[in-house]
Amino acid sequence: MKQKNTERYNVNNSLLQAYRGVFLASQSVMISAGAITFDKDPFVNAFISIIALIQLLVGFTVISARAKVVDYYYNDLSEVMPLDKYIHDRKARKDENRLRKIKNISHTRWKIDVFLPLSFASIWIVFIGYQII
């Protein structure tokens, strides 16, 4: 990896870790608030659920994009295609990854970036479903 890309990789990887931390903290706070108000006011519960689901969607989107930036610099793709294209053009990214035999989602990343958001979404779906019933 070139020095320039190493620095960009380190910065973006640090940002990715920070985003994950903020995401986990925000969902934890919302789950705590939901637990406290669980059998109280349905309006408050609906409000907490909506905010938590919006946070979930935004967090997943931001973390996914930042992970692509990290992969871009880690795999030293700056001379192959522009960063914006790598992030937004799924076909180009997939083709380049296949060509270079790059596996973007490791077992650990799958757990953190896919399984955890799905777990939080499941909790909120159950929470909302219980409030409706």
| message | Applying side-chain contact (heavy atoms from CB on, under 4.5 Å) to F120 and L24, what does each step give before you reach the verdict? | response | CA-CA 9 Å; F120 285 124; L24 289 173; 3.8 Å; yes

| V22: what forms a side chain to side chain contact (heavy atoms under 4.5 Å, CB included) with it, not counting sequence neighbours? | none

| Looking at residues at least two apart in the chain, or sitting in another chain, which of them share a side chain to side chain donor-acceptor pair (under 3.5 Å) with T37? | N45

| query | Between the side chain of Q27 and the main-chain N/O of A52, is any donor-acceptor distance below 3.5 Å? | reply | yes

| task | Under the side chain to side chain contact (heavy atoms under 4.5 Å, CB included) rule, collect the residues that match up with A92, sequence neighbours excluded. | result | M81, K85, D89

| query | Pairs in or reaching into residues 29-51: which pass salt bridge (charged side-chain N to carboxylate O under 4.0 Å, His left out), with residues at least two apart or in two chains? | reply | none

| message | Same cluster or not: I125 versus Y130, using hydrophobic residues (I, L, V, M, F, W, Y) connected whenever any side-chain heavy atoms lie under 4.5 Å apart? | response | no

| Option among D76, L77, V69 that satisfies the side chain to side chain contact (heavy atoms under 4.5 Å, CB included) test with Y73 | V69

Quick one: side chains of residues 57-67, donor-acceptor pairs under 3.5 Å with protein atoms, not counting sequence neighbours, listed by atom name and distance.
unit_1 : atom_1 : unit_2 : atom_2 : d
T61    : OG1    : L57    : O      : 2.8
R66    : NH1    : N12    : OD1    : 2.3

| Side-chain heavy-atom pair L56, F23 within 4.5 angstrom cut-off | yes

| Taking only residues two or more places apart in sequence or in another chain, which ones pass salt bridge (charged side-chain N to carboxylate O under 4.0 Å, His left out) with D95? | K91, R98

| message | Distance check, rounded to the nearest 0.5 Å: I31 atom CD1 versus S26 atom OG? | response | 9.5 Å

| task | Could you grab the distance from atom CZ of R90 to atom CG of N97, nearest 0.5 Å is fine? | result | 11.5 Å

| said: Looking only at side-chain N and O atoms, does N75 offer a donor or acceptor that is under 3.5 Å from a partner on Y9? | reply: no

| task | Test side-chain contact (heavy atoms from CB on, under 4.5 Å) on D71 and Y86 and set out the steps. | result | CA-CA 10 Å; D71 290 339; Y86 187 78; 4.0 Å; yes

| task | Only counting residues at least two apart or in another chain, list the ones meeting ring-ring contact (aromatic ring centres under 6.0 Å, His included) with F127. | result | F38, W124

Contacts table for residues 110-118: side-chain donor-acceptor under 3.5 angstrom, sequence neighbours left out:
unit_1 : atom_1 : unit_2 : atom_2 : d
D113   : OD1    : R20    : NE     : 2.9
D113   : OD1    : R20    : NH2    : 3.3
D113   : OD2    : R20    : NH2    : 2.8

| Heavy atoms, side chains only, cut-off 4.5 Å: are E96 and I102 in contact? | no

| remark: By side chain to side chain contact (heavy atoms under 4.5 Å, CB included), I51 pairs with (sequence neighbours left out) M30, F47, Q55

| Nearest-0.5 Å distance that lies between atom OG in S49 and atom CD1 in I123 | 11.5 Å

| message | With rounding to the nearest 0.5 angstrom, report the CZ to OG1 distance, R8 to T6. | response | 11.0 Å

| I54 reachable from V29 in the ILVMFWY side-chain graph, under 4.5 Å edges | no

